[in-house]
Amino acid sequence: MVIEIENNSNSNNDNNSSSTRNGIFITNATGRIGLATLKALCQIQRNSHLSLGLIPEPIYIGIEKGEEKKEKEILEGNQISFQNFPFIQFIPINFKENAIKYETLEFLKTVQTIFVIPSTRNEKIEETMNILSSIESSKIPNILLFSILDPVDHKDKMRKQYYEFEDTLKSKIQNQHNGSKSGGGQQRYKILRAGFFMENLNYYKDEIKYEQRLSLPIGEGKIAPVSVNDVGIIASKILLNFDQYPKSIYSISGSQYFTGKDISQRLSQYLNQKITYQPDTILMDTQEMKDNLITNIIDIPQTSESRLHNTWLNEKGLNSRCLCHKPNDGKNEVESLLELCESIAHEQFNQISSDSQKNFGWMPMSFDQYLENLCKN
């Protein structure tokens, strides 16, 4: 897929100046990170409007043409009402077999800030790379990219993909700076890296409740989980006040490490029953998948626990074998997360950052608070 965004050589400099731009453009806005960010943006802007009379920044959402109704239903199902937040606007995108073309090139020349939220699904990787490659020609002043902790080019696939996303963005901005004769009007980027999401455990809720066990596939590794809602809040702060945060890279994680056994002990405490940690070794073994012997995650050999998992998933309309994924995710994304879990199991993905408090004055949700809420609901 190719995003076709062309420069208009006849346009004057005013069309690309920051003074004539406003609004925030969010890609992949109906995913977990996008929804959390939208919620925070809407709440902050509504409060500012009611208390200070400030005019809200327009928020633009790129969606596939013809899917407007479906996307609205997703947003409204997540308490994002267009009646309450009229500053949200859809930007239809034509998805074609070999190309993606934004219908209104002028729109890109009016946006002040873009939040690029990549997806590692097969059909989305090239789209994300092309969006990043098009940023240089679109001349959007402020670019925020979502990434993960410790992106490197020689580890698991997920971290390698995010390394490539970051490297592409940095290269494009550096090229723009090298080609600029003056400092005025230069594009700026920031990268928001996040750790393992607490909400991944939501997919294990039935297992915890009915089997009294947790099969999170991280072996003896440890994680410092962060809530996706806190990531959305931090992202919204950057998007609304880009100049206020001077660093190029911010990392968001939990403040404490937890092993699978630690998590099961806390679950046992909150549920008042013994929860056993039994990491699913099948989910951690991806070699067959790498060798293309498994073409679909559902084809993974069935254990008694995985059959029970599949029963719950099928009842909920979820078709993915991997519990940490939404329905219909591609093989590439499933494999990526499994490799990331392997990295966690080998203690290669364990970082703690204090950026949320130090740079944003925000106290994120504690993992204990999340687990207690999970057990109550």
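Residue indices begin at 1 and follow the sequence shown.
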*Distance in Å, Gln187 CD paired with Leu169 CG, rounded so as to fall on 0.5 Å steps*: 9.0 Å
*Side-chain donor-acceptor contact under 3.5 Å, Gln278 with Ser215*: no
*Using only heavy-atom distances, determine whether the side chains of Tyr370 and Asn202 contain a donor-acceptor pair under 3.5 Å.*
yes
*Side chains of Arg21 and Asn142: donor-acceptor distance under 3.5 Å anywhere?*
no
*All salt bridge (Lys or Arg N to Asp or Glu O under 4.0 Å) counterparts of Asp368, not counting sequence neighbours*: Arg266
*Carefully, step by step, assess Gln351 and Ser253 under the rule side-chain hydrogen bond (donor to acceptor under 3.5 Å, both in side chains).*
CA-CA 7 Å; Gln351 295 185 8; Ser253 74; over 6 Å; no
_Pair Ser268, Gln273: side-chain N/O donor-acceptor within cut-off below 3.5 Å_ = no
*When clusters are formed by joining ILVMFWY residues with side-chain heavy atoms under 4.5 Å apart, either directly or through shared neighbours, do Val152 and Leu149 land in the same one?*
no
*Output yes when Lys247 and Asp355 qualify as a salt bridge under the 4.0 Å nitrogen-oxygen rule, no when they do not.*
yes
_side chain to side chain contact (heavy atoms under 4.5 Å, CB included) involving Gln43 - partner list, sequence neighbours excluded_ = Asn47
_Any donor-acceptor N/O pair, Lys237 side chain to Tyr245 backbone, under 3.5 Å_ = no
*asked:* I'd like to check the salt bridge (Lys or Arg N to Asp or Glu O under 4.0 Å) partners of Glu347; sequence neighbours left out, ordered by chain and number.
replied: none
_Atom CG of residue position Asn241 - does it have more than 12 heavy atoms of other residues, nucleotides or ligands inside 6.0 Å?_
yes
*With Lys358 via salt bridge (Lys or Arg N to Asp or Glu O under 4.0 Å) - residues at least two apart*: none
_All salt bridge (Lys or Arg N to Asp or Glu O under 4.0 Å) counterparts of Lys160, not counting sequence neighbours_ = Glu164
*Interatomic spacing from CG in Asp230 to CD1 in Ile252 - rounded to 0.5 Å*: 8.5 Å
*Positive for side-chain contact (heavy atoms from CB on, under 4.5 Å) with Leu239, one of Ile114, Ile44, Ile24*: Ile24
*At what distance, to the nearest 0.5 angstrom, does NZ of Lys209 lie from SG of Cys375?*
11.5 Å
*Can the ring centres of Phe367 and Phe258 be said to be less than 6.0 Å apart?*
yes
*asked:* Show, in sequence, the C-alpha distance, side-chain angles and deciding distance for Gln212 and Thr276, and conclude whether the side-chain hydrogen bond (donor to acceptor under 3.5 Å, both in side chains) test is met.
replied: CA-CA 6 Å; Gln212 290 79 51; Thr276 304; over 6 Å; no
*When Ile, Leu, Val, Met, Phe, Trp and Tyr are grouped by side-chain heavy atoms lying under 4.5 Å apart, directly or through other members, which residues fall in the same group as Tyr163?*
none
*Which heavy atom of Val111 sits nearest a heavy atom of Ile140, and at what distance?*
O-CG2, 3.8 Å
*Check the hydrophobic clustering (I, L, V, M, F, W, Y; side-chain heavy atoms under 4.5 Å; chains of links allowed) and say if Val231 and Ile352 are grouped together.*
no
*Compute the ring centroids of Tyr250 and Phe360, then answer whether they are less than 6.0 Å apart.*
yes
